Amino acid sequence: MNLIRAEGLKKHFPVGSDFVARYLSDDAVHAVDGVDLAVEKGQTLGLVGESGCGKSTLGRCLLRLLSPTEGRIYFDGEEITSLSQRQLRSRRRNMQMVFQNPRSSLNPRQTVGEILTNPIKFHDIATGDEAEEIARTLLEDVGLSSNHVNRYPHEFSGGQQQRIGIARALSVNPEFIVLDEPVSALDVSVQAQILKLIERIKTEYDLTLVFISHNLNVVRHVCDEVAVMYLGEIVENASVEDVFENPMHPYSQALLDSVALPDGSKTINRENIINEDIPSPINPPDGCRFHTRCPEVMDVCRSENPSLCARTDPDTQASRTSKCHLYEQI
Amino acid sequence: MTLLKVTDLHTQFDTSEGTVRAVDGISLDIEAGDIVGLVGESGSGKSVTARSIMRLIDPPGEIVNGEIIFDGVDLMSIKQSEIRSIRGDQVSMIFQDPQDAFNPTQTIGRQLHDVLRTHETGPVHPLMRILGRDHSSEYRERVIDALNRVGIPNPETRYDEYPHQFSGGMLQRAMIAMAVLCEPELILADEPTTALDVTVESKILLMFRELVDDLGISVLWITHDLSVVSELCDRVVVMYAGKIMEEGPTKEILDDPRHPYTRALLESVPRHDMPEKELFAIDGSIPSPHNLPRGCRFADRCPEAHDRCYDSHPRMQKTEQTRAACYLLEDDSDGSSQTEVGQ
């Protein structure tokens, strides 16, 4: 069953330096441009792509932290696209977010105890000593000590701060968490600790996750499904094995080819590296958005935007989708 | 030939909470034409090492001890004015964030042009600048040539553009062009590709490697990313909490690391080609710089620590091709094939 589903989701940000221009001009950053996406209950969906592809905007739209320009979002069967902020408040108990930079996403003037008990009190889960008790348990759950409740965020290292960020997201016992590059700001040794923590809490708290990352190695380890984004569109959506072992879209292939590994022998595949400049999301290219960088570009790619084609694997019955003319004829 | 020889470098910072020994007695050599990767987590002292080499340590920081010999010149004993003529000319630096390193109010071309002019003809009279006579078409040609070499398309047009009109990758290319402009002998690169996307990063690494091989420039490449090292570097130096833990040729270090820290670091990198591999997480975190352990810096987190490790930091042990600071290596040597060398 789908826990969260998006249909034809679009989010455009108006551009223009002044107030009048902003409302009169049609120019807009097409951050998310027609995305269909569904996350099964209990699954982890990885959202990958280069910077500027709209993956963070999409993550925020799913939580209604941003209101989409067009399209619909369903959470647990209920449409939440047009709920008011007041109505959303009670739903937020079930959906939380973990941010990239733990330092800037924790209030420096609140103690860890306050950071963790505020959402608990706000959602009337518990009050007073009981709330504090929950906070202490949470801290232990994320691998910190329960007597850290009286400390302030600056007293912790980056990895520990990210643990607090995760504990805060868990405090209201949500079903769904969007993690926006949760390990990108951390050192490798700490990154592994946090990844293990995320895997553990996912099973312990029975969570559904959207894991936004630009690091394909990390995604391979924590995700069940992967959606590859490019310039506001999802170009490939398949199980993690399919994307990594048999990528269909040339862009997924190119991303995989440019991942370097710490081996003495391996080097980047020289031939397959794509041209580095991502086109502007204000004027995305006509036809297929990837055609300006695609190594397998055909004439049709320059004029027609391919549709998202679904195909079913004859062996596993798993369905996967890709948005490329190469697979349309088949 | 050894281009840069750093011996027993100590750099400290006096803070209100005590002295921070950011770099604590490291020695490293860079051979002419080599690309050396300096790897470590944040706070390990790798950037301070590079800044110390350039003598760019400002108070409260201080280089308290050590010898830095660059191309036969002792950088520790010469005057600030002399070091200035070496910076940019013989040794140049590439920074992590090109957005901050360029002046946003001047065109890219102009900034590169002025680097060339300053190093070749010296400063110009302010009057000449006001009259706009400080711009030479010969230097312009050379800048355009350099921009072309680092793979910036349409360098003639790009010359007159401002930093904000460049994408992150293009700006880092321009930064590399600036670093090689005076054909230095050594480039100190401080995490130049960390802020870039993988697709952009891999292209820049390939370009950079070809460029420095062509020009015969030596490089000290600072990074926290071991996969970048495997793409780019001839040798690797692994730092932890102000000390060098292990060093040697890239292939040997990555394929057969001898130090438990290097091993743990490699084990904790998730890899898309080994999905079944259990991720290894090093417990704990890097020791506080105010309160460094008396023994081995890594002992608290080391899976193979024993009593001796808590007493004093081990000395560098030589193996066939690499050097590592660990007591474990002392044990299997029995003094025959391996010789102790100073830290």
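For clarity, every value in this text was computed on a predicted model and none was experimentally measured. Just the heavy atoms: all of them, side chains too, but no hydrogens, waters or symmetry mates, feed the values below. Naming convention: chains lettered A, B, ... in sequence-line order (proteins, then strands); numbering from 1 in each chain.
- Contacts of B:Val229 with chain A are absent, with no heavy-atom separation under 4.5 Å from either backbone or side chain.
- Between B:Asp197 and B:Lys203, no side-chain nitrogen of the basic residue sits less than 4.0 Å from a carboxylate oxygen of the acidic one, so the salt-bridge criterion is not met.
- Aromatic ring pairs are classed by plane angle as parallel below 30°, tilted from 30° to 60° and perpendicular above 60°; the pair B:Tyr240 and B:Tyr261 is tilted.
- Of the atoms belonging to A:Gln193, heavy atoms from both backbone and side chain fall under 4.5 Å from chain B.
- Options B:Ile286, B:Leu265, B:Val198 differ in how many heavy-atom pairs under 4.5 Å they form with chain A, and the most are formed by B:Val198.
- Atom CZ of B:Arg301 is surrounded by more than 12 heavy atoms from other residues, nucleotides or ligands within 6.0 Å.
- With respect to A:Glu204 and A:Arg200, a salt bridge is recorded, a charged nitrogen being found less than 4.0 Å from a carboxylate O.
- When side chains are defined from C-beta on, B:Leu226 counts as touching B:Leu266, because their heavy atoms get closer than 4.5 Å.
- With a 4.5 Å cut-off on non-hydrogen atoms, B:Asp283 touches chain A through its backbone but not through its side chain.
- Interface residue A:Leu216: only backbone heavy atoms are found under 4.5 Å from chain B.
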